[in-house]
Amino acid sequence: MSYQHLLVAVDGSPTSDHAVTEATGLAKASGGRIRLLNVMDPVAHISGFERPEVYSQDVLPRLRKAGEALLRQTQERVAQSGVPVDTVLIENMDARVAQLVVEHAQAWGADLIVLGTHGRRGLARVLMGSDAEQIARTAPVPVLLVRLPAGADGGAASA
C-alpha cells in the first residue's frame, strides 16, 4: 500500500523523534506528504491554583510558543529530506489527546497515523494510560506504532 497522507503526532520525546524519522522514510518511498500534529495540553501543566489571568497571559502563551518551536524544528528536519510537510498545533481544553488525533486524521484525510510509543506494559500502562493504544483502537486508518530501538532510550551513555 502506498501512503500519501501521513499524520505524525509529535511531542518532542525521543520516541516521537523516532516516529518522525520512520514516517519520513515511508513518505519519501511512497511520494507522500507528512502533517506534523502537536496537541497542546494545558491541563497537564496547571495546578488549579493559578489565577485566570496568569493562566491566559503566562501558561497558555508559553505552551503555544513551545509547541510552535517544536513543530518548526521538526518541520525543518523533515523538509531537509525533500518530503512535503506541514504542521498543525491544536489547543486541547477538555478532550482526550487520542480523540483529537483521530478527529484530525479523519478531517485531513490521513491514510496512516504514525506515533511513537514507549511500549509500557502492566501497571505502568494502566497508570499512564496510553494515547497510542486508544488511537490504534479508534482510528479509521492504519496506525504505525514506533518504538525506540533497544538501547536508544536517550539515557546517559556509558563512558
Side-chain angles (χ1 to χ4, degrees), residues 1 3-27 30 32-48 50 55-56 59-78 83-155:
M1 169 147 210
Y3 298 110
Q4 295 301 302
H5 294 92
L6 292 80
L7 180 66
V8 186
V10 295
D11 64 8
S13 68
T15 54
S16 169
D17 290 346
H18 192 58
V20 170
T21 301
E22 291 293 318
T24 301
L26 279 172
S30 68
R33 63 179 302 109
I34 289 178
R35 172 162 290 173
L36 302 170
L37 174 69
N38 177 254
V39 178
M40 270 176 46
D41 197 2
V43 177
H45 297 275
I46 60 171
S47 66
E50 291 88 356
Y55 180 75
S56 64
V59 176
L60 277 179
R62 199 166 10 114
L63 289 174
R64 191 175 297 113
K65 189 173 182 180
E68 289 168 351
L70 169 65
L71 286 169
R72 191 171 45 256
Q73 291 164 358
T74 309
Q75 181 178 24
E76 287 170 6
R77 194 177 112 207
V78 172
V83 171
V85 57
D86 64 11
T87 65
V88 173
L89 179 66
I90 294 179
E91 239 174 85
N92 179 21
M93 297 317 273
D94 58 3
R96 284 190 56 132
V97 171
Q99 177 187 343
L100 293 170
V101 172
V102 168
E103 287 173 359
H104 189 80
Q106 288 174 306
W108 183 56
D111 46 31
L112 180 69
I113 300 172
V114 183
L115 305 167
T117 181
H118 294 285
R120 291 187 179 97
R121 299 194 187 292
L123 188 58
R125 191 184 99 219
V126 172
L127 293 176
M128 297 295 292
S130 174
D131 287 319
E133 183 181 7
Q134 186 67 23
I135 292 167
R137 251 200 317 258
T138 59
V141 297
V143 177
L144 175 61
L145 299 177
V146 178
R147 288 171 65 173
L148 284 176
D153 60 5

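When each of Val83, Leu112, Ile34 is paired with Leu26, the side-chain contact (heavy atoms from CB on, under 4.5 Å) condition holds for Leu112 and for no other. The one candidate from Leu6, Val78, Asp86 that meets the side-chain contact (heavy atoms from CB on, under 4.5 Å) condition with Arg33 is Asp86. Across Leu89, Leu36, Asn38, a single residue satisfies side-chain contact (heavy atoms from CB on, under 4.5 Å) together with Leu70, and that is Asn38.
Using modelled atom types, one side-chain atom of Gln75 and one backbone atom of Val85 make a donor-acceptor pair closer than 3.5 Å. Panel note: side chain Thr15, backbone Arg147; no donor-acceptor pair is recorded below 3.5 Å. Without hydrogens or angle criteria, Ser30 side chain to Gln4 main chain gives no donor-acceptor distance under 3.5 Å. Under a 3.5 Å cut-off, the side chain of Asp111 and the backbone N or O of His5 do form a donor-acceptor pair.
When side chains are defined from C-beta on, Val10 counts as touching Leu71, because their heavy atoms get closer than 4.5 Å.
With rounding to the nearest 0.5 angstrom, the CG atom of Leu144 is 8.0 Å from the OH atom of Tyr3. With rounding to the nearest 0.5 angstrom, the CD atom of Glu91 is 11.5 Å from the CG atom of Leu100. One finds the CD atom of Glu103 at 9.5 Å from the OG1 atom of Thr138 (value rounded to the nearest 0.5 Å). Annotation: the span from Glu22 atom CD to Leu115 atom CG amounts to 13.0 Å, rounded to 0.5 Å. The structure places CG of Leu148 at 7.5 Å from OG of Ser13, a figure rounded to the nearest 0.5 Å. A distance of 9.0 Å separates CD of Gln134 from CD of Gln99, quoted to the nearest 0.5 Å.
Between Ala9 and Val101, the shortest heavy-atom contact is CB-CG2, 4.4 Å. The two residues Ala105 and Ile113 make their nearest non-hydrogen contact at CB-CD1, 3.6 Å. Nearest heavy-atom pair, Gly32 versus Pro84, reported as atom, atom and distance to 0.1 Å: O-CD, 3.6 Å. Here the closest heavy-atom approach between residue Val141 and residue Ala110 is recorded as CG1-O, 3.2 Å.
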side-chain contact (heavy atoms from CB on, under 4.5 Å) evaluation trace for Ile90 with Met40: CA-CA 6 Å; Ile90 294 179; Met40 270 176 46; over 6 Å; no
From CA spacing to verdict: side-chain contact (heavy atoms from CB on, under 4.5 Å), Arg35, Val88: CA-CA 7 Å; Arg35 172 162 290 173; Val88 173; 3.5 Å; yes
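In this view, His18 satisfies the ring-ring contact (aromatic ring centres under 6.0 Å, His included) rule with no residue, not counting sequence neighbours.
Here Arg72 does not pair with Glu68 in a salt bridge; the nearest charged N to carboxylate O distance is not below 4.0 Å.
Checked by atom type, the side-chain pair Thr24/Arg77 shows no donor-acceptor distance below 3.5 Å.
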